[in-house]
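The analysis underlying the following values was restricted to heavy atoms, covering all of them including side chains, and did not include hydrogens, waters or symmetry mates. What you see is a predicted model; the values in this text were computed from it and never measured.
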Amino acid sequence: MVKTEELLTSKETVELIDAMGVLFPDAKAELTHKNAFELLISVILSAQTTDVGVNKATPKLFAAYPTPEAMMDADVNDIMEKIKTIGLYRNKAKFLKKCATQLVEDFDGDVPNTRKELQSLAGVGRKTANVVMSVAFGEPAIAVDTHVDRISKKFNIAPPEATVTQVETILMEKLPRDMWSAAHHRMIFFGRYQCPARAHNHDECIMIVNEIIENKKSN
């Protein structure tokens, strides 16, 4: 049973995430990509932009620059032109060119698979690194985006004053390692499609997950 007045225990957090999995059994990354390089670039572009917006821009971008080498050699103005429908496109174009250059010069054109190496790349913070580690390389990780942060606090997994890093740590402590990657996708889908940031009947969201939890217990 999801409570609303105190922080959830590890057991209750697992039950909540399992309930979200019942609602969204196919929750996964919605950024269109064919390889780790395309995923990395797409996640960089997704900052303060919807996945839908990114997916509309990247086909043209990847057709022109399918590899780090091609993007490294691109004119930054040409990159800007291809992603101009995306928010903050000027700065992001510079990040993409620099990131591609780093991939070629520091990693032989391959996307690294450790958080430290990923975060050494232009435009890559902890959240982006966690997404790439989880989705591209199958490493257990929890990427705390706005949905994960909001849902964690809305359902009292984490306290309202927790930072993004603290939310990540709390989720990692309360969930078994083999749930980390699935959990962040389920929470994103739940926050995007069931419990959005805009005004809605949150009591209904609580009721839905509680019904699932109670049904699982009785079966």
Could you report the tightest heavy-atom contact between [X] and [Y], atom names first, then the distance?
X    : Y    : answer
I44  : G123 : CG1-O, 3.8 Å
A183 : L175 : CB-CD1, 3.6 Å
L103 : D110 : CD2-O, 3.5 Å
L39  : V131 : CD2-O, 4.3 Å
P176 : V14  : CD-CG2, 3.8 Å
A93  : I83  : N-CD1, 3.8 Å

I'd like to know if the side chain of [X] reaches the main chain of [Y], judged simply by a donor and an acceptor atom lying under 3.5 Å from each other, with no hydrogens or angles considered.
X    : Y    : value
S152 : V148 : yes
E168 : T165 : no
K92  : L45  : yes
H202 : H200 : no
D149 : D145 : no

Going from [atom1] on [X] to [atom2] on [Y], what distance comes out if it is rounded to the nearest 0.5 angstrom?
X    : Y    : atom1 : atom2 : result
D26  : R186 : CG    : CZ    : 10.5 Å
S181 : K28  : OG    : NZ    : 15.0 Å
M187 : R150 : CE    : CZ    : 10.0 Å
I17  : W180 : CD1   : CH2   : 14.0 Å
L171 : I142 : CG    : CD1   : 4.5 Å
L8   : E15  : CG    : CD    : 9.5 Å

Any chain of hydrophobic side-chain contacts (each under 4.5 Å) joining [X] to [Y]?
X    : Y    : answer
V76  : I86  : yes
F62  : M80  : yes
L88  : L96  : no
L118 : V104 : no
M179 : F137 : no

Can you tell if the side chain of [X] reaches within under 4.5 Å of the side chain of [Y], non-hydrogen atoms only?
X    : Y    : value
N113 : E139 : no
I151 : I188 : no
I206 : I208 : no
I41  : T58  : no
R115 : R126 : yes
M133 : T114 : no
P159 : I170 : yes
E30  : R192 : yes

* Passes ring-ring contact (aromatic ring centres under 6.0 Å, His included), F189 versus H184? Steps please. -> CA-CA 9 Å; F189 269 56; H184 99 252; over 10 Å; no
* Answer yes if the side chains of K174 and T9 hold a donor-acceptor pair under 3.5 Å, and no otherwise. => no
* To do: Verify whether one side chain among E117 and S120 offers a donor that lies under 3.5 Å from an acceptor in the other.
  => no
* Apply the test side-chain contact (heavy atoms from CB on, under 4.5 Å) to residues K127 and V144: give CA-CA distance (whole Å), side-chain angles for both, the deciding distance (0.1 Å), then the verdict. => CA-CA 6 Å; K127 184 201 80 172; V144 181; 5.8 Å; no
* **E161, CD: over 12 other non-hydrogen atoms inside 6.0 angstrom** => yes
* Asked: Just wondering, are more than 12 heavy atoms of other shown residues or ligands nearer than 6.0 Å to NZ in K94?
  -> no
* Asked: How are the rings of F24 and Y193 set relative to one another: parallel (under 30°), tilted (30 to 60°) or perpendicular (over 60°)?
  -> tilted
* With sequence neighbours excluded, tell me which residues meet side chain to side chain contact (heavy atoms under 4.5 Å, CB included) with K84. => E81, Y89
* Can T32 and S42 be said to form a side-chain contact (heavy atoms from CB on, under 4.5 Å), step by step? -> CA-CA 8 Å; T32 303; S42 294; over 6 Å; no
* Asked: Where do E12 and L7 land on the side-chain contact (heavy atoms from CB on, under 4.5 Å) test, with the steps shown first?
  -> CA-CA 9 Å; E12 290 165 339; L7 293 183; over 6 Å; no
* salt bridge (Lys or Arg N to Asp or Glu O under 4.0 Å) between K97 and D75, worked out -> CA-CA 8 Å; K97 183 173 173 66; D75 186 307; over 6 Å; no
* side-chain contact (heavy atoms from CB on, under 4.5 Å) between V209 and F190, intermediate numbers included -> CA-CA 10 Å; V209 294; F190 188 79; 3.7 Å; yes
* F37 and Y65 aromatic centres sub-6.0 Å -> no
* **Ion pair check, D78 and K82, cut-off under 4.0 Å** => no
